[in-house]
Amino acid sequence: MTISTFTEPELAAEIAAERRDLARVLGDLPDWDASTLCAGWRVREVVAHMTMPFRYSAARFAAELARSGGRFDAMSDRVARRDAAAISAADLLSILRDNATNPWKPPGGGHVGALTHDVIHGLDITVPLGIGRRVPEDRLRTVLDAIAAPKARKHFGTDLTGVELRAEDIEWASGSGQLLSGAAQDLALVLCGRKLPPGRLHAEPAARFTG
């Protein structure tokens, strides 16, 4: 495996570039009600979720989490749905674009966690819509190496026992066992527990990870 390494300032620049790249894609998207790989979320819910850290203070975030009984997933879903209904697509796009250099980082995740958050949710939008955007290789390698780590695998809860992931477009592999191949960014989605559209993954285990 070839590991890409960025300095902290370089990571901050990559995060900003990723947000700007996605904002350009979203600016050309006519249908914000299209489904994404996040179950039950349209494009507008995903972008509402992505921009939540820019719109909520730490105190407000804590209050929302307490309202959901400390269950982060429940809170994220409730707030994304509420905010997507209340904020226009144009305003969500402006918030994303205007916060390209926002220093937010997920608790304990650092810059790599912030980059991972933006890359994966961007793919949640572009992949099911057939948008042919490719995440730059060095940026993607950083995300892949982070989410392939044991702690991240436990967090996402994806059962990859006995499966080797091998990218077809870059030199990258993880795990051992039955081969599962595909584009590197599709394998990143597999690691995060997403079900992909048919035909994107190859070899015998593909059906397990196809929706």
Under 3.5 Å, is there a donor-acceptor pair between the side chain of [X] and the main chain of [Y]?
X: Ser88; Y: Asp91; result: yes
X: Thr51; Y: Ala48; result: yes
X: Arg194; Y: Cys192; result: yes
X: Arg153; Y: Ala148; result: yes
X: Glu64; Y: Phe61; result: no
X: Asp169; Y: Ala184; result: yes
X: Lys195; Y: Val190; result: no

Do [X] and [Y] belong together in a cluster built from hydrophobic side chains that touch within less than 4.5 Å?
X: Leu22; Y: Leu115; value: no
X: Val79; Y: Met50; value: no
X: Leu179; Y: Leu187; value: no
X: Leu201; Y: Leu165; value: yes
X: Val119; Y: Ile125; value: no

Residue pair [X] / [Y], side-chain heavy-atom distance below 4.5 Å:
X: Ile120; Y: Asp124; value: yes
X: Asp31; Y: Arg42; value: no
X: Met52; Y: Ser76; value: no
X: Arg134; Y: Gln185; value: yes
X: Ile131; Y: Leu29; value: yes
X: Phe156; Y: Leu191; value: no
X: Trp172; Y: Asp145; value: yes
X: Leu129; Y: Thr36; value: no

Item to check | Test side-chain contact (heavy atoms from CB on, under 4.5 Å) applied to Arg55 and Asp83, step by step | outcome: CA-CA 10 Å; Arg55 298 181 286 106; Asp83 291 357; 2.9 Å; yes

Checklist entry - Hey, mind stepping through Asp77 and Arg81 against side-chain contact (heavy atoms from CB on, under 4.5 Å) and telling me if it holds? => result CA-CA 6 Å; Asp77 185 64; Arg81 292 176 186 276; 3.0 Å; yes

Checklist entry - For atom CD of Glu8, is the number of surrounding heavy atoms from other residues, nucleotides or ligands below 6.0 Å larger than 12? => result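 Yes, CD of Glu8 has more than 12 neighbouring heavy atoms, counting only those of other groups under 6.0 Å.
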
Checklist entry - How about Arg133: does its CZ atom have over 12 heavy atoms from other parts shown lying under 6.0 Å from it? => result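 Buried by this count: over 12 neighbours within 6.0 Å.
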
As an exercise, state the distance from [atom1] of [X] to [atom2] of [Y], rounded to the nearest 0.5 Å.
X: Ser174; Y: Ile147; atom1: OG; atom2: CD1; value: 9.5 Å
X: Ser68; Y: Arg78; atom1: OG; atom2: CZ; value: 3.5 Å
X: Asn102; Y: Arg19; atom1: CG; atom2: CZ; value: 6.0 Å

Checklist entry - Any idea how His49 and Trp41 line up, ring-wise: parallel (<30°), tilted (30 to 60°), or perpendicular (>60°)? => result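 Taking Trp41 first and then His49, their aromatic rings sit tilted (interplane angle of 30° to 60°).
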
Checklist entry - In terms of ring plane angle, is the pair Phe54 and Trp104 parallel, tilted or perpendicular, where the classes change at 30° and 60°? => result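 The rings of Phe54 and Trp104 stand perpendicular, inter-plane angle above 60°.
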
Taking all non-hydrogen atoms of both residues into account, name the closest pair between [X] and [Y] and its distance.
X: Phe209; Y: Thr158; value: CE2-CG2, 4.4 Å
X: Ile15; Y: Ala114; value: CD1-CB, 3.7 Å
X: Gly27; Y: Leu93; value: CA-CD2, 3.7 Å
X: Lys105; Y: Gly110; value: CD-C, 3.4 Å
X: Val127; Y: Pro197; value: CG1-CD, 3.8 Å
X: Ser181; Y: Glu168; value: OG-OE2, 2.7 Å

Next on the checklist: Among residues at least two apart in sequence or on other chains, which ones pass salt bridge (Lys or Arg N to Asp or Glu O under 4.0 Å) with Arg60?
Outcome noted: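 By the salt bridge (Lys or Arg N to Asp or Glu O under 4.0 Å) rule, Arg60 matches no residue at all.
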
Item to check | Sole residue of Arg141, Arg139, Arg20 in salt bridge (Lys or Arg N to Asp or Glu O under 4.0 Å) with Glu14 | outcome: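 Of all the options given, the one that passes is Arg139.
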
Next on the checklist: Under the rule for ring pair (Phe, Tyr, Trp, His ring centres under 6.0 Å), what residues qualify as partners of His111, not counting sequence neighbours?
Outcome noted: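 Result, ring pair (Phe, Tyr, Trp, His ring centres under 6.0 Å) vs His111: none returned.
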
